[in-house]
Structures are given as structure tokens and as C-alpha cells.
Undergrad: 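The structure that follows is given in the form of C-alpha cells.
Computed from a prediction, not measured in an experiment: that's the story for all the values here.
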Amino acid sequence: MAIPTPAKAVADIGVTGMAVMGSNLARNLARNGFKVAIHNRSAAKTEKVVKEHGDEGEFFPAESMADFVNALSAPRVAIIMVKAGPATDAVIDELASLMDPGDIIVDCGNSNWRDTVRREAAIRERGLHFVGSGVSGGEEGALNGPSIMPGGTPESYRRLGPMFEKISAHVDGVPCCTHVGPDGAGHFVKMVHNGIEYADMQLIAEAYDLMRKALGMSAAEIGKVFEEWNRGELDSYLIEITADVLQHVDPKTGKAFVDVVLDRASQKGTGAWTVQNAAEVGVPTTGIAEATFARSLSGSVPERQAGRGLPAGTEDVSVADPAAFIEDVRRALYASKMVAYSQGFELIRKASEENGWNVDLGAMARIWRGGCIIRAVFLNRITEAYERDPKLPLLLADPYFSGEIGKSVESWRRIVSFSALTGVPIPAFASSLAYYDGVRAAELPANLIQGQRDFFGAHTYKRVDREGTFHTLWSGDRSEIEE
Ligand SMILES: NC(=O)C1=CN([C@@H]2O[C@H](COP(=O)(O)OP(=O)(O)OC[C@H]3O[C@@H](n4cnc5c(N)ncnc54)[C@H](OP(=O)(O)O)[C@@H]3O)[C@@H](O)[C@H]2O)C=CC1
Ligand SMILES: O=C(CO)[C@H](O)[C@H](O)COP(=O)(O)O
């Protein structure tokens, strides 16, 4: 079936890329009363949307990109929802060549924020606006209300914002969408969202592993524990779906679903990007890094095969009180989660300062309360913390968070000790505790590292008792000189 040419300048907004995310975003816009032009490189996907969902609102399907652009009313707003990377560049080029000054191109894919900075500058040169926008919530969120993180100019947000705010998730009547900041800010924030998503998922997986290996609980029994946890301070989408996944039974074998799934976690790259960016600006996002590397380790097949016979050196520590152990795991999970979020927000703050984005951290927590994968009741506490002190240097130092960690720290230590003695790997729990002890320490052994650096490379050091920069003549008479 050929798609007829749509009428000109009729649509409020357009979406190109009719795979899961784009088609659902287009349907969400149409269901909310917007006239939506739709397009896909291969026309079959466009036809499918019209055939299966054409009655949900006003769609203007277009076979060619030119027809798609012509169907948009001025100033035109065209959303791109295609594979990140070169595919997105190709679509941007095609769109830009057909659009007029003042029109807005919006990339809602998981693009690297540096690509967004580059694209924004190039598109601005051509008199158009370019908005790099994070969208989270998967296919269900895209359809029923995602969390949306648009960057770009305030001018483009004035045109785009009301539509995005309307289709986003709402919590307490507040939209889960706000203008994040210029050029790459939206995609940076989305990247950190995904990094936190990795950490949260890994922590949950470690909690599951502990209950499985230390208590011998079945997947379904652990699923019930997560169901219970979801009624308290851990109440979140990821805990909710974990309870569901763990209680799911494989229809082919009748076994627990997780017991028939290969233990190799995939990744598309946003976690690794977060870690790379954190390393570049010097923010220790250890929870996200451990979560990313844990996925890499799970997929390191030859290494894991070779490592299987390595000596365990473990102690057989039996758990005397399973209920108390489960409560310790819950508290350790909550404490480690606070660390991961604190580190993620620190990364956004640092990048915002370096790039002059002026990102409102409290607002980021607010727009993550609904629609996105890391949505959680706990995000209200983060918003409140930044309302108390917008310049908060460390989320963990906020009175709510320091109080909560104080209640959990003993449980956390017991769980990390248990895992060290028994050999249950919990890298995210353990590294979060190590970070916590590092950040609260009055002194760190970095003085010795400075000494070593000065010894082998004359890299100099500062003293605790005098201003200035110093070097010791290590291969000479070991006297000290001031630089
Ligand atoms: N899936 C998810 O849960 C989430 C995905 N995202 C991001 O949203 C975007 C879309 O994701 P998703 O819906 O999963 O789809 P995919 O990432 O699988 O991309 C498929 C779409 O990209 C199009 N495409 C691929 N190459 C080209 C090209 N060279 N030129 C034009 N179009 C091309 C395809 O067209 P064709 O049909 O012709 O092949 C199809 O419409 C991605 O950037 C993804 O990272 C963001 C949040 C969540
Ligand atoms: O962006 C998302 C949610 O916010 C996607 O679900 C994300 O791409 C999943 O990442 P990965 O495949 O690396 O686990």
C-alpha cells in the first residue's frame, strides 16, 4: 500500500523513526490531541502505525522525508527517534536540508551528549534550532508518559515544552519534563540517568544473589521479599519489576524464569559513557562503574571459564537469623542506592559547572519521579534536599540522607563482611561502602601517593603546614625546594 501525500502544513509536530520508541511517542502525542506527522525510512512501519492505531488521534503519514517536512506547520518541530550514532546524523542532515530557519529538529534518541553539542552548533549555523532530548521510560513510558529531558535554546523550549510537558508523566500534577539547559545538557542528564539505572539494577541483583546464596531462597520467595520492600522506602519501578520477574515462571519448562536465563548482561553503552565522562571530570561514580564492569564480567566468557577453579579461601558463615539478614540486605541496598544517586548528581553538577549549563539538580530529581526507569518515591527526598540547599556539595551530607545512612551503616558493614568471608560477589555494595568511608574520612592516604609521584616524577606536593608547592631532591641530598 503506497502512503498518499499528506496535506501541507497541517501537523503540530512530526516523528521520524517508527520503531518501538518513535511509534509510541507519536501515539502519545496523537492521544493528547496533537496532529502528528509520522515517517520511517522503510514505509512498512509507518503503515503499521496507521493500520493498528490510526483511530487513536490525527496522524499524517508520509512516505518521503520531503512530504513529512511539508506536512508540518511552521515553525516546524520534527522529532527524530532512530538508532543513535551515524543513523541520527544521516536523518539530521536530510531534515535540515528540507527545513527553514526557525524550525526545530529534536533528537530524542540516546545520543552521546558530545554529538549533541556538535550537532547543535552545526544546525544553529544553518539558522535552525537543534534540541537533544533524553527520553526515558521504554516503550510503555513513551506511550503513556515518559520522563523527558530536553536541552537546546529557551526559544525552542517555548515551542516544544508545552507539548512535551503535556505528554510526559505527571506526579502530583507536576510534569516529568523541564528545560534542562543548553546544547548537550539534556543528553548528558539522560546519560547519567542511565548510569544510575545500571547501578540500581546491579544493587538489586546483588541483593537477590545474597538471598539466593546465603539463605538458599527460591526466586519466587525472593520476589515476595522485593514485593514487601516495594511498600517501604525502596518503593520504585525497578524493585516492582524485579518482584514480577522473579516470580515469573518459564512456560516451556515450568522453572523460575530467571533460572532459564543465561547470566550474561548486555549493554548498549550509556553506562560506559557515564563512567568515561565521570573519569574525565574526576567525579568518583563508583557504583555506576562497578555496575558497568559487573555487566562486562558477566559477559567475559573465556575469562569466567578460566577463573572457575581459582581458590575460594572462603569461610562457611551460616546465617543464624534469616529475617535479620534480609533486613540487613535491605538496609545495605538502600544505603548503596543513596551513594549511587549522590555520585550521579555530583557528576551532573560538575559537568554543568564545566559546560556552563546551570542545571537545576532538584528539578532533575523532580522529573525523574515518574515515567522513567529509575522512578522512585525516594526521588522526592532528593528534590527536597536540593530545595533545602541548591548548592549542596554532597547529597549524602543532607540531613535526611545522612540520617538514613546512619540507620543503615551497621547492616551495610555486616553484609559487606559476610560477602568477603563467603565469596558472594557484591561489587556495587562493597565499593559504595568504600566510597562512603572515603568521603567521610578526615584523612586519606593520598599524601603517600603525592610522595611517590614526587619521588619518581618530580610531580611536586603541597604541605599541611605551609602554603606553596614543593619538591624533595630524592636522588640528591633529599633537601626540599620550593617551586
Ligand atoms: N528502546 C528503549 O527502551 C529506548 C530507546 N531509546 C532510544 O530511542 C531511539 C529509538 O529506539 P528504538 O525505538 O528502540 O529503535 P532502534 O534503536 O532499534 O532504531 C530503529 C529505528 O531506526 C531507524 N533507522 C536505523 N538506521 C537508520 C538510518 N540510517 N536512517 C534512517 N533511519 C534509520 C529504523 O528504520 P527502519 O525501520 O527503516 O530500519 C527504525 O525506525 C534510539 O536512539 C534508542 O537508543 C531511548 C530510550 C529507551
Ligand atoms: O534508555 C533506556 C532507559 O532509560 C534504555 O532502556 C537503555 O538503553 C537500556 O540500556 P542498556 O541496553 O545498556 O541496558
Side-chain angles (χ1 to χ4, degrees), residues 138 194-227 229-230 234 236-275 286-314 316-317 319 322 325-326 329-330 332-333 336-337 340 373-374 415-416 418-433:
N194 280 22
I196 293 173
E197 176 182 305
Y198 274 51
D200 223 339
M201 291 166 76
Q202 174 65 22
L203 291 168
I204 291 170
E206 290 178 12
Y208 151 77
D209 207 24
L210 280 162
M211 285 185 267
R212 197 103 213 230
K213 290 180 178 150
L215 303 177
M217 291 168 72
S218 70
E221 285 168 337
I222 300 169
K224 288 275 175 226
V225 171
F226 279 105
E227 221 169 72
W229 288 358
N230 202 39
L234 284 171
S236 62
Y237 172 71
L238 283 171
I239 296 279
E240 180 193 324
I241 65 164
T242 300
D244 214 347
V245 171
L246 286 171
Q247 291 178 76
H248 181 61
V249 174
D250 172 44
K252 288 197 186 74
T253 58
K255 292 182 181 169
F257 167 77
V258 285
D259 290 341
V260 298
V261 176
L262 198 60
D263 62 342
R264 290 180 208 158
S266 306
Q267 48 186 318
K268 293 203 188 102
T270 45
W273 290 352
T274 312
V275 179
T286 57
I288 300 170
E290 289 297 350
T292 305
F293 291 135
R295 288 198 195 188
S296 307
L297 177 62
S298 77
S300 303
V301 178
E303 292 81 358
R304 286 181 65 190
Q305 271 163 359
R308 274 194 95 139
L310 291 173
T314 51
D316 194 6
V317 183
V319 177
F325 183 84
I326 291 172
V329 174
R330 189 189 69 81
L333 172 56
S336 305
K337 181 176 163 123
I373 305 297
I374 64 169
I415 290 299
V416 172
F418 175 88
S419 102
L421 290 173
T422 59
V424 179
I426 51 167
F429 275 35
S431 73
S432 301
L433 180 58

Undergrad: State, with a plain yes or no, whether a side-chain heavy atom of T270 is found less than 4.5 Å away from one of Y198.
TA: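 Answer yes - side chains close enough.
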Undergrad: According to the salt bridge (Lys or Arg N to Asp or Glu O under 4.0 Å) rule, which pairs have a member within residues 303-312, sequence neighbours left out?
TA: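 For residues 303-312: D263-R304.
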Undergrad: Working to the nearest 0.5 angstrom, can you tell me the gap between N194 CG and T292 OG1?
TA: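 Here the interatomic distance stands at 10.5 Å.
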Undergrad: Could you check whether any side-chain N or O of S236 sits under 3.5 Å from a backbone N or O of L234, counting only pairs where one atom can act as donor and the other as acceptor?
TA: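 Confirmed, S236 side chain pairs with L234 backbone.
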Undergrad: Do I415 and F429 have side chains that get closer than 4.5 Å, going by heavy atoms?
TA: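 Touching, per the 4.5 Å side-chain cut-off.
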Undergrad: Do you know the tightest heavy-atom contact between Q267 and S296?
TA: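 Scanning both residues, the minimum pair turns out to be NE2-OG, 3.3 Å.
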Undergrad: Where is the tightest heavy-atom contact between G195 and I288, given as atom of each residue plus distance?
TA: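 Of all heavy-atom pairs spanning G195 and I288, the closest is O-CG1, 3.4 Å.
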Undergrad: Can you name the ring-ring contact (aromatic ring centres under 6.0 Å, His included) partners of F226, sequence neighbours left out?
TA: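 Once residues adjacent in sequence are excluded, the partners of F226 under the ring-ring contact (aromatic ring centres under 6.0 Å, His included) criterion are W229.
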Undergrad: Test: ring pair (Phe, Tyr, Trp, His ring centres under 6.0 Å). Region: residues 241-261. Which pairs qualify, not counting sequence neighbours?
TA: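 Checked against ring pair (Phe, Tyr, Trp, His ring centres under 6.0 Å) - neighbours excluded - the pairs reaching residues 241-261 are H248-F257.
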Undergrad: Side-chain contact, heavy-atom cut-off 4.5 Å: E227 with E240?
TA: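 The answer is no; the side chains never approach within 4.5 Å.
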Undergrad: Are I426 and L210 packed together at the side-chain level, in the sense that at least one heavy-atom pair is separated by less than 4.5 angstrom?
TA: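 Yes; the side chains approach each other to less than 4.5 Å.
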Undergrad: If you look only at pairs with a residue in residues 286-299, which of them pass as a salt bridge (Lys or Arg N to Asp or Glu O under 4.0 Å), with sequence neighbours excluded?
TA: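 Every pair satisfying salt bridge (Lys or Arg N to Asp or Glu O under 4.0 Å) with a residue in residues 286-299: there are none.
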Undergrad: Quick one: which residue pairs count as a salt bridge (Lys or Arg N to Asp or Glu O under 4.0 Å) with a foot in residues 197-207, not counting sequence neighbours?
TA: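 Matches after skipping sequence neighbours: D200-K337.
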Undergrad: Mind checking what makes side chain to side chain donor-acceptor pair (under 3.5 Å) contact with S432, not counting sequence neighbours?
TA: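 In terms of side chain to side chain donor-acceptor pair (under 3.5 Å), with neighbours along the sequence ignored, S432 is linked to no residue.
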Undergrad: If you look at every heavy atom in A265 and S298, which pair is closest and at what distance?
TA: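 Between these two residues, the closest heavy atoms are N-OG, 2.8 Å.
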Undergrad: Tell me the salt bridge (Lys or Arg N to Asp or Glu O under 4.0 Å) pairs involving residues 244-261, sequence neighbours left out?
TA: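 Every pair satisfying salt bridge (Lys or Arg N to Asp or Glu O under 4.0 Å) with a residue in residues 244-261: R212-D259.
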Undergrad: Under the salt bridge (Lys or Arg N to Asp or Glu O under 4.0 Å) test, which residues partner R264, sequence neighbours left out?
TA: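 Per chain and number, R264 pairs via salt bridge (Lys or Arg N to Asp or Glu O under 4.0 Å) with no residue.
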Undergrad: Quick one: do L238 and I373 satisfy side-chain contact (heavy atoms from CB on, under 4.5 Å)? Show the steps, please.
TA: CA-CA 7 Å; L238 283 171; I373 305 297; 3.8 Å; yes
Undergrad: With rounding to the nearest 0.5 Å, note down the distance linking CG in L333 to CD1 in I326.
TA: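 Atom-to-atom, L333:CG and I326:CD1 are 13.0 Å apart.
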Undergrad: Holding to ring-ring contact (aromatic ring centres under 6.0 Å, His included), I want the full list of residues that pass it with F325, two or more places apart in sequence or in another chain.
TA: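 Once residues adjacent in sequence are excluded, the partners of F325 under the ring-ring contact (aromatic ring centres under 6.0 Å, His included) criterion are F418.
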Undergrad: Just to verify, what does S336 make a side chain to side chain donor-acceptor pair (under 3.5 Å) with, not counting sequence neighbours?
TA: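 Side chain to side chain donor-acceptor pair (under 3.5 Å) check on S336 returns W412.
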Undergrad: Side chains of V258 and Y208: closer than 4.5 Å at any heavy-atom pair?
TA: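 In contact.
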Undergrad: Which donor-acceptor pairs under 3.5 Å do the side chains of residues 213-222 make with protein atoms, sequence neighbours left out?
TA:
{"unit_1": "K213", "atom_1": "NZ", "unit_2": "D209", "atom_2": "OD1", "d": "3.0"}
{"unit_1": "K213", "atom_1": "NZ", "unit_2": "D209", "atom_2": "OD2", "d": "3.0"}
{"unit_1": "S218", "atom_1": "OG", "unit_2": "E221", "atom_2": "N", "d": "3.1"}
{"unit_1": "S218", "atom_1": "OG", "unit_2": "E221", "atom_2": "OE1", "d": "3.4"}
{"unit_1": "E221", "atom_1": "OE1", "unit_2": "S218", "atom_2": "N", "d": "2.8"}

Undergrad: For A289, which residues count as a side chain to side chain contact (heavy atoms under 4.5 Å, CB included) partner, sequence neighbours excluded?
TA: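 By the side chain to side chain contact (heavy atoms under 4.5 Å, CB included) rule, A289 matches V275, F293.
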Undergrad: Nearest 0.5 Å please: distance from the CG atom of L203 over to the CD1 atom of I239.
TA: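 Here the interatomic distance stands at 9.5 Å.
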